[in-house]
Structure formats: C-alpha cells, structure tokens
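Here is the naming used below: chain letters follow the sequence lines, and residue numbers restart at 1 for every chain.
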Amino acid sequence: MREITFSEATLEAMREEMKRDPSIFVMGEDIVRQGGIFGQFKGLPDEFGTDRVIDTPITETAIIGAAIGASLAGMRPVADMHFADFMGVCMDEIFNQMAKIRYMFGGQTTVPMVIRAPDGLIRSAAAQHSQSIESWFNNIPGIKVVAPSNPADAKGILKAALRSNDPIIYFENKDLFRMKGDVSEDEDYIVPIGKAKVVREGKDVTIVSYSIMMQQALEAADILEKDGYSVEVIDLITLSPFDEETVIQSVKKTHRLLIAHEAVKRGGLGGEVAAVVAEMAIDYLDAPIIRVGGKFTPVPFSPTLEEAYRPKTSEIVEGVRGMF
Amino acid sequence: MREITFSEATLEAMREEMKRDPSIFVMGEDIVRQGGIFGQFKGLPDEFGTDRVIDTPITETAIIGAAIGASLAGMRPVADMHFADFMGVCMDEIFNQMAKIRYMFGGQTTVPMVIRAPDGLIRSAAAQHSQSIESWFNNIPGIKVVAPSNPADAKGILKAALRSNDPIIYFENKDLFRMKGDVSEDEDYIVPIGKAKVVREGKDVTIVSYSIMMQQALEAADILEKDGYSVEVIDLITLSPFDEETVIQSVKKTHRLLIAHEAVKRGGLGGEVAAVVAEMAIDYLDAPIIRVGGKFTPVPFSPTLEEAYRPKTSEIVEGVRGMF
Amino acid sequence: MKKDLYMQFYRTMYKIRTFERRIEEFSMKGDIPGFVHLYIGEEAIATGVCANLTHQDYIQSTHRGHGHTIAKGAKVNRMMAELFGKKTGYCKGKGGSMHIADFSVGMLGANGIVGGGFTLATGAALAEKIKKTNNVSVVFFGDGASNRGTFHEALNMAAVWKLPVVFVCENNEWASTTPYLTTTSVKDISDRAVGYGIPGEIVDGNDVFAVYEASGKAIERARKGEGPTLLEMKTYRIKGHYVGDPQLYRTKEEVDQRFEENDPIRRFEDHVLSEGILSENEMKAIVEEVVGEVDKAVEFALESPFPDVEELYSDLYVD
Amino acid sequence: MKKDLYMQFYRTMYKIRTFERRIEEFSMKGDIPGFVHLYIGEEAIATGVCANLTHQDYIQSTHRGHGHTIAKGAKVNRMMAELFGKKTGYCKGKGGSMHIADFSVGMLGANGIVGGGFTLATGAALAEKIKKTNNVSVVFFGDGASNRGTFHEALNMAAVWKLPVVFVCENNEWASTTPYLTTTSVKDISDRAVGYGIPGEIVDGNDVFAVYEASGKAIERARKGEGPTLLEMKTYRIKGHYVGDPQLYRTKEEVDQRFEENDPIRRFEDHVLSEGILSENEMKAIVEEVVGEVDKAVEFALESPFPDVEELYSDLYVD
Ligand SMILES: Cc1ncc(C[n+]2csc(CCOP(=O)(O)OP(=O)(O)O)c2C)c(N)n1
Ligand SMILES: Cc1ncc(C[n+]2csc(CCOP(=O)(O)OP(=O)(O)O)c2C)c(N)n1
Ligand SMILES: [Mg+2]
Ligand SMILES: [Mg+2]
C-alpha cells in the first residue's frame, strides 16, 4: 500500500492487466502524445507500443464501433471517450450494437470491452463538458456500469472490468483524477463488479451515493453524527445493475433513505434506487425517500451558476434532518 | 367528431397546422413516396409540395442537426425518426445541441421543433426495431417529451407540440397507429403539454401509465373492478417533465400506486414516478409501489420470447392484488 | 480448379435464390415473423466476394443479409430455423432475419441499423492487424448506407491505419422507397474513395466473375497490408424493399425488364454454357442438390420447437 | 471602396489578435474560467470569409470561436463579459468561451462538440432555401473535425439539395495534440469534395485577400442556388490547443518559425504598405482604436456583476 492518485491507480490497473493479457489494447483521442487529458494513460505508449496504445481520429462513432468489432475478433479493447459528454455521438453503437450483440445473436459471441468515460463537473467546463449521464444506461440491458469513488476502488474495479467478458462502461469523475489514497499493490486486487460497499455503518439513516458525491455523503455523515444521527453510507460502485440487496438490507435496518449523485436529480439513478426500495421495503420506511442531485438545467458556465447547479453537502444534511 | 385512426389523427394535426403556419415543414426517410412507414404522412407531399415535405438521405444525424439549424433560422421543423430505435444515431444532436441551445446561449434563441419517434414492440421486429427509450430524455433538461395513448390525444398534443416554442419529442407507439377513436374536428383542439389526465376515477389504487400500456392499464382496471377494487387510472401523456401534481393528488386519495409501461422496467420512467411519490407522499401510501415494465433484456425476435418480454395486463392485476 | 470454382459460384447463387424464394413464400403467408428483406437479383455479389474468403476472414452484413450468410458458408437449415424464430436457429430464435449470424464461419452478423457495420468491420480488421495475422474483413452495405456518417469515419480510420478491410457497396439503385440519386450526391459511390486516398472501383455486380476478380484483388491488397479498397457493385433491387412492400414508387415493367436483362444467375448460365465450362446436366445436378438442401432446411425449421420462455433471460451477460 | 475593405480587414484581424492576447493573459492568471482556445495566427480566415457576409447570413463556429464571433460583427465588450462569466455577456454568463454566440448578427454559436456545426449550418441553409431568400450559411471547422461523420452527412445532404452553405475547413495541421496526417487520410481535405460532386478548393488561409476572394466566390455560388463548396484554408495553430497546454508534442522553434514566416497580420501589413494602399499612420489609428475598444471591453467585463443565482433556472423552456 502507498498513496497514489486516482489517475495513477487507473494507470496501474491498465499496466498490470495489459502485461497479463496481450489482447487488451487502448484507443482514444490524444492518448499517445498527451497521455490522456487527465494523465490517465501516461507512459503506456512507451511500455506497450503504439500498436496497443492508439491515437484515433476525432470519431467517437468509429472508436466505439471499432472497439466492438475488435472484441468480436478476440481482442479486449479499452475505448477512451475523452469526455463522457461525447457518448451521444456513439450512442447507437453503445445501445444497439455493444449492448445487444451477445443477446441477439443467441450467445454466439462475447463483447469484452471497456469504455472509459470521464464525467462530472470540472471548473466551468459548461454545458457540453460537465455531464453525468449514467442513468441512461441503467435502462439498457446488456451493459454493466461502474463508477468508483476513490483510488483503491478505481484500480480494483478497472481490473475487474478488464477481466470481465461483458461490455462495461467505466465512469471516472474528472475531479477525482487528482484524489490521493492508499492503493493495494497486489496484482490481483479486484473490486468485484455488482457489489456495493457499506463504507460507514450507522443505525438511523442510509445514504446511498457513488463517484464524487461520496465525498459530500461522508462529509454530511460527519456533520449529522454531531447532531446525534448515526449514518450508514453505501457506495454503489456498480451502477447498473446495482446491488439491490445491500441497499435493501441497510434500509431495513435504518428505516430511512437518501440518495445523492451529481447527475441531474430528475431521471437520475436515484429514482431507480428509490423505486426499488419503495417496492421491496416500503414497510420499513419511517420517512420520505429523499434524493439530492444536479438541478434540472444544463450545466451553466459562470462559476456562480455552476455552484448553484452543483448538489451540495448541505442539501444532504438538510434532507436527512427533515426525516426526523 | 368521427372515428379515425391514430395515424390519421396525426395526419390531420400536421395538415391543419401546416396550413396555419408556413414555417412548419417535415423531413425524414421514405415520407414522400411511401407516406411514412405507418402512413402517417400520406398525402402531405401533394398538399404542401416537396419543399415542405422532404425525403432525406439515411442520415439521422443530419436530419436532427438540420432540423435544429432550421429552427434557429426561424422555421418549425418536424423530423421523423422512422423508428425511435435510431435516436442513438443522433443522440449527440438531441442532448448536446437541441436540448441546450436555448439555455447555454442565454435565451438568445428558441428551438421550436418536433421529433416524431415511432416506438414500442411490433410483431417480432426484434432487438433494434422494438424499443421504448423515453426514460433517457427524462434526465435531459431542455426537452419536453410526450406520448399519446389514443387518436384524440395524438391529434391534440401533436398540435400543441407544433405550436410550442420548445423542442419536443413525440413518441408514437407503432402498434397504436391503427387504433381507431373519436377525434375532434375543431381546428383548435389542443391537448395541453404538461398535464396528465385522470381517465378513470377510483378510490382504492392509482395506476399510472401512458402510450400503448394504457390499454393494459384500463383492461386491468376492469378486471380489478370485478374483484371489488375501485381503480383510478392516470394517463401521463407528457412524460418529461411529467405532471407530478396530478399523480400525487391521486395517490393521496387512493393510497396505492402502480406504474406500467412497455419500456424496460429497470431504469424506466416508472422509477422516476415512484421516486417522486416516495419523496412527496410516502405517508399516504398503504402498500409498496409496484412497477410493471419490459423485462431486463433486449427485445427478442421469436414470438414466444417476445411475448415473454412484453409487460402484461395480468402483471398489473397481480401487482394490484398484492397490495391488499 | 476453375471448374470447381464455377460450380461453387452456381451452387451458392442458386442456393441463395432458392432460399429467398421459399422465405418470400412463407413470409407472405405470415409464417415468418418480423421484417424480411430479400437478396434476389444481387446473388452474384455475396457469392463472388465470399469465394475469396476463408472462415478466418470476417464479413459484416446488412438488413438484407441472407445472401451474405449463405455465401460465407452458413448452413441453410439453421438459418431457416432462425428466420422462423425457432430454438434450433443460429441465434436460438432471438435474432431473426435482421440479426442472422454465424460466428463459426466468420459471419459477424446482419445488422438492423443501416450503416451499422462499417465501424465494426473496421474494428475486426484492426484486431487482425494487431494480432499480425493476414485475415481480412469485408463489409457489405447499400447505396443508402453510403451516406451515413459511419461510412466516412470507418473509411478514414481504415485508410489512415491501412487496415485489412474491404468496403463493398451494393448499389441496387434504391434505398427503401427512395431512388438513390435523390439522396446521394454522386452517381458513382466509388468516387468517394478519393476522399480517403484509397482505390475505388466500379464493378458489374451482376457478373459473378467480375465481382470475384475485383474483390479478389482488393482482398489480396488488404491481406498484404496495403490497406482498404472501396468497391461499388452496380446492381438492381428486384424485389420490394421488404416482403409485402406494395412498391407504389416504381412500375412492375421497369423491374421485370431490369431482371430479364440482368439476372445474374441467367447471365452465369448463359456464359458457362456458351463457353462450355459446365454442361446442362452438371448444372441440373447442382440445382437438384441445392433445392433438396433448402427443402430439408424448411422441414428442419418447421419441425423445430420454439424457444422455451426461460430462454428470454439467457445470453445477456457472461459473468 | 477597396480601401474601406482593407481597413476593415485590418481592424478585424487586429481586434481578434488583441482580444485573444488579453484573453490569454487573463486565462493564464485564472481569471477566466473554463477551457479557452485561441485563434491567434488564423485571423485571416474568419476575417476574409465574414467580410462577404451580412447579418442575415449565418455562421456556425467551433470551440475556437472568438475570431469568428468578432469577424461576424459581435461586440467585444459583451464577448469579454461572457468569457468572464458575467451577467452582461452575450449568454448571460451561461455559455462562456466554448458557447459564445450573437444571434443578432447571425452568429449561431461556438460549439463544444467537434463537428457539431456541420449539420446545424446545413439546416440553417435549408431554412433559407425553403423561405426562398438568398441568405447563406457558413460553417467553420478544423482538420480534426473533417473526419467526423457529421461532415459526410452534412456535405452529402447539402450537395443533393444544393443548399446555400459553404464549408470552411481551417486546416491548422493539429487536432489538439495530434498532427493531422496521423488521423486524416488525405493531405488535402478539399479532395473530399469529389465524394459529393461539389467544388473543393485549397486556399492560403493566412492570406486575407485569398481567403476573401475564394470564399466570396463560394458564397456567391451559394447565393445563386448553385449549391455548397468545400474550402480548405491552409494555416497553422500558433498557440497551444488550449490556454495552458504544455505542448510537449512539438518544439517552440517549429512554432516560432511558422509564425514568423506566416503571420497573417504581418503579411497583410507588408502587403498594404508595399502596395501603398494603407499608410503607417492609417494603420496606427486602427490599432489604437481597436486596442482602446478591447481595453474598454476588459473594463466592462471586470465591472460587470456575476449572474444572480436565480438565473440558473431561466431560459430552459419558453412555454
Ligand atoms: C440507421 C437506420 N436508419 C433507417 C433505417 C430504416 N431502413 C432500413 S433499410 C433502409 C434502406 C437501406 O437502403 P440501402 O442501404 O441502399 O440498402 P438496400 O435495402 O438497398 O439493400 C432503411 C431506410 C435503419 N434500419 N437504420
Ligand atoms: C465530439 C468531440 N470529440 C472530442 C472533443 C475534444 N476536442 C476538443 S477540440 C479537439 C481538437 C479539434 O481539432 P480541429 O478540429 O482540428 O480544430 P482546432 O482545435 O485545430 O481548431 C478535440 C479532440 C470534442 N470537443 N468533441
Ligand atoms: Mg440500396
Ligand atoms: Mg486543427
């Protein structure tokens, strides 16, 4: 264990897995000379050559389409999206090809590939470079979606994704790339896909979150602790299909639920979590299910507006206080 | 009033509004010679000429992009998607341009346009021609989404959409096109965007649905009536942003809620409806919130599998029975 | 050698024609569910191209994919079963006509998305390049598909990286109900090769020999690592866009005339007979063999069960 | 007449240069939020093209959009305010550098999506065709953007329908950190015009006269209903991709040399001086005027308030 950044943790996962498995390669824009916008691919071209670390044209459609085709031909492509905001460009490839190929061809093939998609707010990147769109994919059977909240999980679940035989979207929050944390040096350190983690145990209320909002969730838990509330915090890590069992067990214990994410609240993943609980465990609930998320607007540019858009620790704290 | 089909009702709306407003034009694939796959544009080329009724190349990206551009230049384009399944091709244009242009440019312009998107199951059209993807757009601020369930509303809300200054996605279920019903001949017959309709009043349970699943919802209500349950049925009509008030009022009265749609249940619109109620009216609920929707798989081809995929009246009936 | 090849041409073309005729019949009766697009009149293209390929090579197909699938070596019985939605079909009944595929022979799938195959085929070629094999990848696509953005992105990528992929346009003059020149900005789609610095060639798509030769050259070029080629096969869509299409947009006379003048199978027969390459009897034997095979496929499909309901949930994820 | 035009060229180019230098300075200090892409060294393109346009004509711009916006006639004070995220900006602070726009002069917006403008400009041209005006639409785009599928779809559509739109490629040899030939399959992007049956032309993008003339011809052609043109302006990106780019992928020497050889403003000055079209004094007066204007814009921006928090919820829907 040693402290490294989230970005370095993903780099380590790539390096270790590319060494293990020659069928892994990575492609995207500005990887070779820049090492990725967030340094997340730095050094890979030198280590693995430009046959396996590939700069593409600015063609997200062809990047994802080619990754799919390469996976059908036995490779394990990693496709970098530059910004998650550009996934609209290749949405057809993602939902009509990648997600469906195994199923609609009756299991004749697998589509082992990973899409890396940096998402979230970053200082005034504005409407087309700040989005978190994970909830769309929750409605698309055939894809798995993960979103780690810290360097250790970033490494562990990226390694799991690189070893998986299913197509996986790996959302990595842009602002998290510089986060530091202890990360295992074990080359088989895996964070399993499909399992949520109870990162803080509590008795009075469950906060479900993931990715960068885990920071606000934990901060809120600290504040609420001082108020005398015992807060359980769950990090989903896998967003689709998410770990319903862990959430339900927690709510059965705490009787209260708040879900927080940076993505727009309306139509966000929180709705699905709330709905599952309202279906499976409503009798255990002693308060309304509260969701905290981005406001229902595109992300505005000006710092004052961006700050108004951003979901905040105080909203989580107020939300929980209102339950008692 | 006279009985016409859903397809004819949309045609009437187009014809009347195109006569009223010369800035409306329509473009898409196979409109001129075929009149649209579902006959929904039949006769328009003769009446309005091929300047205003336009056959495009097979380029959904350019269709939506050009519609956006034309709307910025003062027109009111209607863009036909052929099948809603193809919206992935132009998803970037839909969510990064159409939805955001007014907002991110500070209200300098409007983007008055309508996307017509035939969706849903139709006899074994399989994985890429059977989808209902409305829930994605619920997470995208700046778009309004409507989905009528019968010929009268089809006409009324299409006219409202054609007169609106906001970008609107009009989902029309493929199997509904041949549905017959009474439709107003009033040229100003408008079904307002943003308002749900209580189409059947009841006291014991609220079923929220829309589009083709309204048929199963009403059928289930009949069956349940015989069991002695008084069922209220709400047709959302506008899916995003949906009419929260009408749903909440109903649930406050009936204390029970089931949401049904043909789209995949997980990540579907039902989750958002459930979450809103679990946040705003949980104290009124006497039972779990049940959702009925498509199974979590791509739509399979074979009739037996397609039938297994399809959400059914019996699931609604069972769901409600389980609440008591 | 040459004779074997010619017999193979005939067998494949005739098998496609026979298969399609039976499909048309069952589809008209409503026995085959879903949308069905027939390859009748275009048989020489799939046949001529695929004769240059091994099972280690890949093809990507279209919504009009039966011919490609047969030409690549798939079995008609499992294809037929798939089109009927049966458990014994290639996709266990989950795919149907628009998603027919046989991965075991390198047939990576029909595609319900027009232009969906360009980038996938490019990716398969990229994989082979990384793996340093000399396998190639071929993508079939229509005149209509040639206008999609995926065409441009894939050709550019394949050209820059010199990938072993061949782009085969089947210009049948129609995209659904639309004459291609009303939506396509060039008469010869092969002209578009200029924009990628790669060879582009016009080929008589109803002449199986010409198709075989031109695609053979392009495939050889790809195998040698010299990069992609754009081939435009000129042909004509004989049937409606889909089975059941009322075809109000063109006259029966036009179609009949085009077919009479330019049926690729008739042209082949005339040629081999007049050149004395195959005899009437040899051809008759092939016809009988092929018709028998398709008849058996129909039986197989009709006798096969529909998939069990539990099958709905399988094949979604591996892990 | 000619002199007026030349003075306008100088004023516009110098205003862009001055604006960009100030933006660079404030952006480096962290006073300007968000990503900023500078147009330094490419001023002749926007200037020469837009000199042919009226406020009824449209342009679609890119992430590198300040130059286009100024050339189309927007006011630098409201631009500056927008880049600072202020309430008085063109977009009330909601857009910033990547979404600068002034609809009142026909500037339909910068675009954070590379290649996002092709189809929008095509649509604006379609609208004008339907309305039977003779307004035109121009879309600026980079060498990198020329590989996107939207390029192909828009050029095909514009060509088939003979729409009044001009496609202006700014080939500055770099797409972010990538030399264009490593991702673009043709040396001359104008070659791609062949694939759409439209004229394609290479232009010296650092020669404002050449730009003015070539784009004038293309715009005239568009106005007359003869359809689109693809122009490739050869230029070079003098600054980093964005302000703050460490530029590890090229040497400072290379950049300095290219700038020295080919600064479009210096070339203009040399030309008009040597031809005796403008005097040193005339040019100095323009410089002073422009610098004063930009200084005032900075003051305006700095003094303007940030938007109120309630502004977050406005401009989402009209109805
Ligand atoms: C992206 C997309 N848009 C539209 C369609 C509907 N569609 C199916 S086939 C077809 C025409 C295709 O024409 P072409 O590419 O020439 O192939 P052909 O049918 O002539 O073989 C259309 C428009 C589709 N399946 N996918
Ligand atoms: C669809 C999309 N993909 C990637 C990006 C990230 N990106 C922004 S600018 C740029 C390079 C653009 O190069 P070019 O088109 O040549 O324009 P230039 O910057 O040279 O003016 C890239 C890759 C983006 N904004 N949009
Ligand atoms: Mg065709
Ligand atoms: Mg460039």
Side-chain angles (χ1 to χ4, degrees), chain A residues 22-23 25 27 49 51-52 54-77 79 89-90 92-93 95-113 141-144 160 163-168 192-194 241, chain C residues 58 60 82 87 89-96 98-104 106 108-113 115-133 135 137 139 148-150 152-158 160-161 163 165 307 311 314-319:
Chain A
S23 67
F25 72 99
M27 60 179 161
D51 261 14
R52 289 178 68 196
I54 306 174
D55 261 358
T56 64
I58 306 174
T59 54
E60 287 76 14
T61 311
I63 294 170
I64 297 302
I68 297 166
S71 81
L72 301 183
M75 300 297 286
R76 291 177 170 275
V89 174
C90 45
D92 181 61
E93 281 63 29
F95 99 105
N96 272 329
Q97 313 289 346
M98 185 181 87
K100 296 185 171 63
I101 280 180
R102 175 168 168 75
Y103 186 88
M104 73 186 173
F105 296 135
Q108 289 186 64
T109 188
T110 58
V111 189
M113 59 180 280
I143 305 177
K144 291 182 181 176
R163 295 182 187 190
S164 168
N165 290 305
D166 293 311
I168 288 167
I193 294 169
Chain C
Y58 304 108
Q60 272 288 338
E82 186 59 36
K87 186 178 179 162
Y90 274 113
C91 311
K92 307 179 188 163
K94 285 175 177 167
M98 264 195 292
H99 309 298
I100 189 79
D102 178 2
F103 280 69
S104 73
L108 302 184
N111 209 316
I113 301 298
F118 293 116
T119 61
L120 272 61
T122 300
L126 171 63
E128 297 307 309
K129 191 185 176 200
I130 296 177
K131 290 189 279 179
K132 298 196 179 13
T133 71
N135 302 327
S137 167
V139 53
R148 275 215 50 208
T150 46
H152 183 63
E153 296 202 0
L155 269 86
N156 179 62
M157 184 179 268
V160 180
W161 294 346
L163 299 182
V165 50
E311 190 54 54
S314 73
D315 302 324
L316 186 58
Y317 296 110
V318 189
D319 302 323

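- Interatomic distance, A:Q108 CD to C:D102 CG, rounded to the nearest 0.5 Å: 6.0 Å.
- Under the side chain to side chain donor-acceptor pair (under 3.5 Å) criterion, A:Q97 pairs with C:N111, not counting sequence neighbours.
- Heavy-atom minimum distance, A:D55 versus C:W161: O-CZ2, 3.4 Å.
- Only the side chain of C:K132 comes within less than 4.5 Å of a heavy atom in chain A; its backbone stays farther off.
- Of the residues A:T61, A:I63, A:I58, A:T56, the one that meets the side chain to side chain contact (heavy atoms under 4.5 Å, CB included) test with C:E153 is A:T61.
- Proximity to chain C (any heavy atom under 4.5 Å) is shown, for A:I64, by neither the backbone nor the side chain.
- Neither the backbone nor the side chain of C:K129 comes within contact range of chain A, judged by heavy atoms closer than 4.5 Å.
- Using modelled atom types, one side-chain atom of C:K131 and one backbone atom of A:A73 make a donor-acceptor pair closer than 3.5 Å.
- When heavy atoms are compared at a cutoff of 4.5 Å, C:L126 approaches chain A solely by way of its side chain, counted from C-beta outward.
- Annotation for C:A127 and A:M75: closest pair CB-CG, 3.5 Å, computed over non-hydrogen atoms.
- Of all heavy-atom pairs spanning C:D315 and A:R102, the tightest one is O-CG, 3.2 Å.
- Residues A:E93 and C:T150 have side chains in contact (heavy-atom distance under 4.5 Å, counting atoms from C-beta outward).
- C:I100 touches chain A through its backbone: at least one of N, CA, C or O sits under 4.5 Å from a heavy atom, while the side chain does not.
- Both the backbone and the side chain of C:A101 come within less than 4.5 Å of a heavy atom of chain A.
- Contact of A:N165 with chain C is made through backbone and side chain together, with heavy-atom distances under 4.5 Å.
- In this structure, chain A has no heavy atom under 4.5 Å from any part of C:E82.
- Between atom OG1 of residue A:T59 and atom CG of residue C:N156 there is a gap of 7.0 Å, rounded to the nearest 0.5 Å.
- The aromatic rings of A:F105 and C:F103 sit tilted relative to each other, their planes meeting at an angle between 30° and 60°.
- Of the two parts of C:A110, only the backbone, made up of N, CA, C and O, holds a non-hydrogen atom closer than 4.5 Å to a non-hydrogen atom of chain A.
- The nearest pair of heavy atoms linking C:Y317 to A:I143 is OH-O, 2.7 Å.
- Ionic pairing of C:D319 and A:K144 is not present here: no N-O contact between side-chain nitrogen and carboxylate oxygen is shorter than 4.0 angstrom.
- Contact record, C:M157 with A:A62: CE-CB, 3.7 Å, taken as the closest heavy-atom pair.
- Taking chain A as the reference chain and counting heavy-atom pairs below 4.5 Å, the highest number among C:L108, C:N135, C:T122, C:I130 is found for C:I130.
- Side chain of C:K92 to main chain of A:G106: a donor-acceptor pair is present (N/O by atom type, distance under 3.5 Å, no hydrogens or angles).
- Interface remark: of the candidates A:S23, A:G107, A:P167, A:G142, A:G142 forms the most heavy-atom pairs closer than 4.5 Å to chain C.
- Legend: salt bridge (charged side-chain N to carboxylate O under 4.0 Å, His left out) pairs involving residues 56-65 of chain A, not counting sequence neighbours: none detected.
- For the set A:A67, A:A66, A:P57, A:P112, the count of heavy-atom pairs under 4.5 angstrom toward chain C peaks at A:A66.
- Heavy atoms closer than 4.5 Å to chain C are found in the side chain of A:I101, but not in its backbone.
- Neither the backbone nor the side chain of C:S137 comes within less than 4.5 Å of any heavy atom of chain A.
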